[in-house]
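What follows is one structure encoded as structure tokens, with my remarks underneath.
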Number of protein chains: 2
Amino acid sequence: MPRKRVTLADVARRAGLSTTAASMILNGRPDTRLSKEAHERVHTAAAELGYRPNVAARGLRTDTTHTIGFVSDSVATTRFAGGLIQGALDAARQAGHVVLVAETGGDPKRESEAIAALLDRQVDGIIFATVRARELVVPELPDGTAAIMLNATSTRHPTAVLPDEDLGGRTAVGLLAEAGHAQGIALVGQSDDAEHGLFRSSTVARRVAGIRVAMAEHRLAFTAEASTWEWEPHNGYTITDALLRRDPGVRALLCLNDRLAFGAYQALAEHGLRVPQDVSVVSFDDDEIAAYLRPGLTTIALPHLAMGRRAVELLLGSAPRSEVLLPMPVVTRGSIAAPR
Amino acid sequence: MPRKRVTLADVARRAGLSTTAASMILNGRPDTRLSKEAHERVHTAAAELGYRPNVAARGLRTDTTHTIGFVSDSVATTRFAGGLIQGALDAARQAGHVVLVAETGGDPKRESEAIAALLDRQVDGIIFATVRARELVVPELPDGTAAIMLNATSTRHPTAVLPDEDLGGRTAVGLLAEAGHAQGIALVGQSDDAEHGLFRSSTVARRVAGIRVAMAEHRLAFTAEASTWEWEPHNGYTITDALLRRDPGVRALLCLNDRLAFGAYQALAEHGLRVPQDVSVVSFDDDEIAAYLRPGLTTIALPHLAMGRRAVELLLGSAPRSEVLLPMPVVTRGSIAAPR
DNA sequence: CACGCAAGCTAAATCCTTTTAGCAATGGAG
DNA sequence: CTCCATTGCTAAAAGGATTTAGCTTGCGTG
């Protein structure tokens, strides 16, 4: 039972040297002139005692705590973007850092409290993340505290890690075009008519823009577009059901996220239509339900894991003051086929 | 732009007092004899300068950092148990604490590294959590570092927060019995015949035990039991499909978790059976898919949020050296009806 | 008038580490 | 033999707080 922590002084005493010597040796200072023998004595003493430096005390002197802050609305606690934090934790661990996590639920008051609490603990930097990419108002941080926006943007902190939604949108269209779909393609989740002044996340706008550009490039047009505010399964069901009643000629659904696609599946089944033989479905996010559906949903994934990793790397390295866009990989399952 | 942090010495200087006085006043020491006026001067000075104490420096002296560690296999990064960390973060925040999160992926080496990293930062205590409740081998911690097991157990650290699975199991049976189901009830996920020596999580054993006791109490018996190792939608589908082929008289499914139920829904639909008119379904966990299904799945929820909260409260208060069982609430949706 | 006591405050030690400045011994050069 | 450079090491300060011990001052009492 370890009674008390071993301190540097204990190590020095056992090695018969000063704490100065012990500190220099353990930190591997290059310019030191301590003897080979001293090095050895200190290292064995440290090992024998199981010495671990007190990071707080060190931080007091060096102004670096090997601790980073991760503040988000609800990344760690909801299922949608766990990859962000997973990537961040993993990269931090590999870099010998540790992560203080705070969730704000989107409340600015809680956010500023969280930031204060992190700064009180002298974090080396802070990552600001959101579940649904959006603009975030983040206060200025003290000198020497870096900030990275993760799946979010901020005018004050220009370094942001985001999915390459534009390319992702084009990719989705490409998948349908490649499969031979030329008509009867419906867009589920948004319609240009209905979206006037609607606030959507900044990245979703890019997703849709990419889709429209690619449609034009392939000389394709949607036969129908259905808008809904909330991208939940229920809405996907309702929209798709209405769509199928109006237009029986639908051959492919381009759903703006997987939960909409989930609802679409339910509506298709009720209309006696099979995926993918009768109707192809492609979607975005690679939500976990995408793998649960029958057949599995082909979807353009949000590269959350890679994004989280990258954010930490940027925080600990020297970051460009600009956006970093990460590619959205295609996850091919069984929901796309050639039209009959 | 805040150049440098304000220190206690700055506050004292501005108030025209010693740091001793400033410290005592700001910490509200009761026995001090400093004048009313001194109190006022210090408080206004602190407010004007925006003073925030350096937690690391304080911790050096007081041995308390207002920081707790949360180490889990993958609670923060997968979708299954986000409530655990959400509750913990929330309770910690309310108590003025901050949480260092580390994930081990179940790897003992990473676990011991994580523990060391947390101890290096002088955390006040550590919560050990698992996604699927199980026994965890946790090393002894230094004196003064408390440990709480969350959704996990450990012989070394007896304080554990767990769902009351036994009661939950009984409740599920009760729901079917109340609805009038007396025969044609099938158990999906486990069968006593097939489970010899199978390792299941400790709490799942209690869930099943509760179910069996309640069945006996209600003088009921399962018409079929189907075992599967992985409780995933795919297996739920396969099991249920086989079940329905063998026995068309099934009127109710008691699924051991929601993902199995999800697969069961798919199989029922393919057999032309409607939920709940033809077959009732009840299940466990209140996974997020439970709300997505049509009709919504009635399920016995894992009280993750409350568990996370409680773990922090126990860590910061005086904890009993025993298990704390939290009730599993019924989430009533539309999947149970009276048999026809 | 000396003494004791309370009120109001501060100096200095302490927590653990890093870092600056410098000391003592040795050997070689002039 | 003196001086200087080098080697090998240490004392002490610093970082920002808390805490112990104790120092003034003024007043009331005997």
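Chain identifiers are assigned alphabetically (A, B, ...) following the order of the sequence lines, protein sequences preceding nucleic acid strands; residue numbering begins at 1 within each chain. What's counted below: heavy atoms across the whole structure, side chains too, no hydrogens, waters or symmetry copies.
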Are [X] and [N] close enough that a side-chain N or O sits under 4.0 Å from OP1 or OP2?
X     : N      : result
B:S35 : C:dC9  : yes
B:R58 : D:dT18 : yes
B:T62 : D:dA17 : no
A:Y51 : C:dT17 : yes

message: On DNA chain C, does the nearest nucleotide to B:L60 precede the nearest nucleotide to B:A38 from the 5' side, or the other way round? Give the residue.
response: B:A38
- request: With the side chain of B:T19 defined as its heavy atoms from C-beta on, choose the nearest nucleotide among C:dT18, D:dA17, D:dT18.
  value: D:dT18
- prompt: Which nucleotide, D:dG8, C:dT17, D:dA17, lies nearest any side-chain atom of B:N54?
  reply: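 Out of D:dG8, C:dT17, D:dA17, the nucleotide with an atom closest to B:N54's side chain is D:dA17.
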task: Pick base, sugar-phosphate or nothing for A:N27, based on heavy-atom distances below 4.0 Å to the nucleic acid.
output: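 Since only primed, P, OP1 and OP2 atoms lie under 4.0 Å of A:N27, the category is sugar-phosphate.
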task: Have a look at A:S23 and say if it touches a base, only the backbone sugar-phosphate, or nothing, with a 4.0 Å heavy-atom cut-off.
output: base
message: Tell me whether A:T130 contacts the main-chain N or O of A:N151 through its side chain, where contact means a donor paired with an acceptor under 3.5 Å.
response: yes
field: Side-chain donor or acceptor of A:R156 paired with backbone N/O of A:V138 under 3.5 Å
entry: yes
task: Could you check how far CG of B:L17 sits from P of C:dG8, rounded to whole Å?
output: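 Result: 13 Å.
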message: Any donor-acceptor pair, under 3.5 Å, between the side chain of A:R61 and the base of C:dT17, if you only look at N and O atoms?
response: no
query: Within a reach of under 6.0 Å around CZ of B:R41, are more than 12 heavy atoms found that belong to other residues, nucleotides or ligands?
result: yes
Residue closer to the 5' end of DNA chain D, B:A56 versus B:T20 (nearest nucleotide): B:A56
